[in-house]
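Quick one: this structure, given as structure tokens, is what I'll be asking you about.
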Amino acid sequence: MSTPAADLVVVTLAAPDHAGLAAFGTDPWWLVVGKAVAVFAFLVLTVLAAIYLERKILAWMQMRIGPNRVGPMGMLQSLADGVKIALKEGFIPSGVDKPVFMLAPVIAVIPAFMAFAVIPFGPEVSVLGHHTPLQLTDLHVGVLYILAVTSVGVYGIVLAGWSSASTYPLLGGLRSTAQVISYEIAMALSFVGVFLFAGTMSTSGIVAAQSSTWFVFLLLPSFVIYVISMVGETNRAPFDLPEAEGELVGGFHTEYTSLRFAMFMLAEYVNMTTVSALAATLFLGGWQAPLPFSLIGGADSGWWALLWFVIKVWGFLFLFIWLRATLPRLRYDQFMAFGWKVLIPVSLAWVVTIAGARALDNAGHGVLAPVLVLVGVLLGAATVAGYLVRARRGRDATAASELPAFDALAGGFPVPPLPHQRTTEEAGRA
């Protein structure tokens, strides 16, 4: 005979195991201070190295020499530039909102450092007899903390543009606002699959969940979407529309000089390091050793794990540099259309796929990996094909339309035509 208790079916989500969080919050004060100083030093040194290596790698890709005068092979050029810019006059234009103008660089740079507080550098190690993880701290919602903190940093850019009382900085700040709203949606959606697979939002738990298989293999579309979104979030080429030297002079920081300008530069490179570290943590196993080194016992234990983490971070930093040397800047309408019409719809379709495959796997059908790989490949192929067809139709429509001739000198000054316009001179020759 059945009982009410037997007939009752309770459906619950499996509670994530947060036992790893017990390792945090027990360090002595001097160890916490030491970790904070180590994270700060790591970021500052990474910025100095990234600026130098970016100039050298760009020179190599463009068949130039690059920095070669200050220090051996020009390696002290970044340090010399930092000293030079610090000694420049801190000019404040008249008419600016001075308190906001001076506070904006601080708002931009502080969240960039704060976001690194929950990034895991490695497993537990021994420091002067104390066993502690190579991570400043962790939270149950560590990834959401990073999203929140990095979003606050955008206020620095927006306030810098608004407080400058100048047209170009204001346009740069408005572009940055639209850019963050557009691409942060796609970025957040790319995290959903990671949360479903890891069962937690803590960064250390996500790394532990990849001990057998890195999420980049199961969630390849999520990884691609995140990589594109992180370039847009950091205002790097080809998505550097808020700065856009050719059309906005320098964008939001046009009116800034000396250390206040340097703080914006520092925030940009620290944000690049943060999103690179987050990509390594969420999709590439964090500090875990890659193949074939993972086959060696103890390859990612102790301080060795720090080596693999740094290598992965620098792999993404190299990608930033490579993109800058390769791709031209997008038009603003292309940039926004790509975010809203391509990334977000693809992200939503992929999230539905992940949830469905996960439900089938939980029901015991065991089709999780094949379904995700197959759908990921089909989704990527459909996206590329759709984009090419849409571009072809746009070209055909432009060619077929009879647009009136554009008089470049009608206003007394030469104005270049838009891509779909013909000048009167070209129309006459035709």
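Nothing here was measured: the structure is a model prediction, and the numbers come from that model. We number each residue from 1, following the sequence as shown. Heavy atoms only: backbone and side chains are in, while hydrogens, waters and symmetry mates are out.
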Arg175 NZ/CZ over Tyr332 ring centroid, <6.0 Å and within 45° of normal: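 Ring-cation test returns yes.
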Less than 4.5 Å apart, any side-chain heavy atom of Lys35 and any of Asp27?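 Sidechains of Asp27 and Lys35: in contact.
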So with a 6.0 Å cut-off around OH of Tyr168, is the heavy-atom count from everything else above 12?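 Atom OH in Tyr168 is not crowded, with 12 or fewer foreign heavy atoms closer than 6.0 Å.
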Solution key, residues 278-288 side-chain donor-acceptor pairs under 3.5 Å, sequence neighbours excluded:
from   : atom 1 : to     : atom 2 : distance (Å)
Thr281 : OG1    : Ala277 : O      : 2.8
Gln288 : NE2    : Val207 : O      : 2.6

Look only at the side chain of Gln179 and the backbone of Gly232, and say whether a donor-acceptor pair between them is shorter than 3.5 Å.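 Answer holds: yes.
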Check the surroundings of atom CZ in Arg69: do more than 12 heavy atoms from other residues, nucleotides or ligands lie under 6.0 Å from it?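 No, not enclosed.
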For Ile65, look at atom CD1 and say whether over 12 heavy atoms of other residues, nucleotides or ligands are found less than 6.0 Å away.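 Result for CD1/Ile65: open.
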Identify every side-chain donor-acceptor pair in residues 297-309 under 3.5 Å, counting partners at least two apart or on other chains, and give the distances.
from   : atom 1 : to     : atom 2 : distance (Å)
Asp300 : OD2    : Ala289 : N      : 3.4
Ser301 : OG     : Gly298 : O      : 2.9
Trp308 : NE1    : Ala299 : O      : 2.8

Selection residues 38-49 - residue pairs positive for salt bridge (charged side-chain N to carboxylate O under 4.0 Å, His left out), sequence neighbours left out: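 For residues 38-49, and leaving out neighbouring residues, there are no salt bridge (charged side-chain N to carboxylate O under 4.0 Å, His left out) pairs at all.
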If you define the side chain from C-beta out and look only at heavy atoms, does anything of Thr132 sit under 4.5 Å from Phe24?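 Side-chain contact under 4.5 Å: no.
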Does Arg236 pair with Glu54 as a salt bridge, N-O distance under 4.0 Å?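 Result for this pair is yes, salt bridge flagged.
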Using the rule given for salt bridge (charged side-chain N to carboxylate O under 4.0 Å, His left out), can you reason through Arg331 versus Glu247, listing the C-alpha separation, both sets of side-chain angles and the distance that settles it, and then say yes or no? CA-CA 11 Å; Arg331 290 201 321 262; Glu247 50 198 276; over 6 Å; no
Given the side-chain rings of Phe40 and Phe116, with only the six-membered ring counted for Trp, is the space between their centroids under 6.0 Å?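 Centroid distance Phe40-Phe116: not below 6.0 Å, so no.
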Using the ring of each side chain (for Trp, its six-membered ring), is His253 parallel, tilted or perpendicular to Phe261, with breaks at 30° and 60°?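 Taking Phe261 first and then His253, their aromatic rings stand perpendicular (interplane angle over 60°).
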Between Phe318 and Trp322, is the gap from one ring center to the other below 6.0 Å?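 Yes - the distance between ring centres of Phe318 and Trp322 falls below the 6.0 Å cut-off.
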Ignoring hydrogens, what is the shortest heavy-atom contact between Ala237 and Leu323? Give both atom names and the distance.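 Heavy atoms only, the tightest pair is O-CB, 3.9 Å.
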On the 0 to 90° scale, with breaks at 30° and 60°, tag the Phe121-Phe42 ring pair as parallel, tilted or perpendicular.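 Plane angle over 60°, so perpendicular.
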Is it true that atom CE of Met61 has more than 12 heavy atoms of other residues, nucleotides or ligands lying nearer than 6.0 Å?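 Counting other residues, nucleotides and ligands, CE of Met61 exceeds 12 neighbours.
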Which of these, Phe191, Phe215, Phe316, Trp350, sits in a ring pair (Phe, Tyr, Trp, His ring centres under 6.0 Å) with Tyr226?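 The passing option is Phe191.
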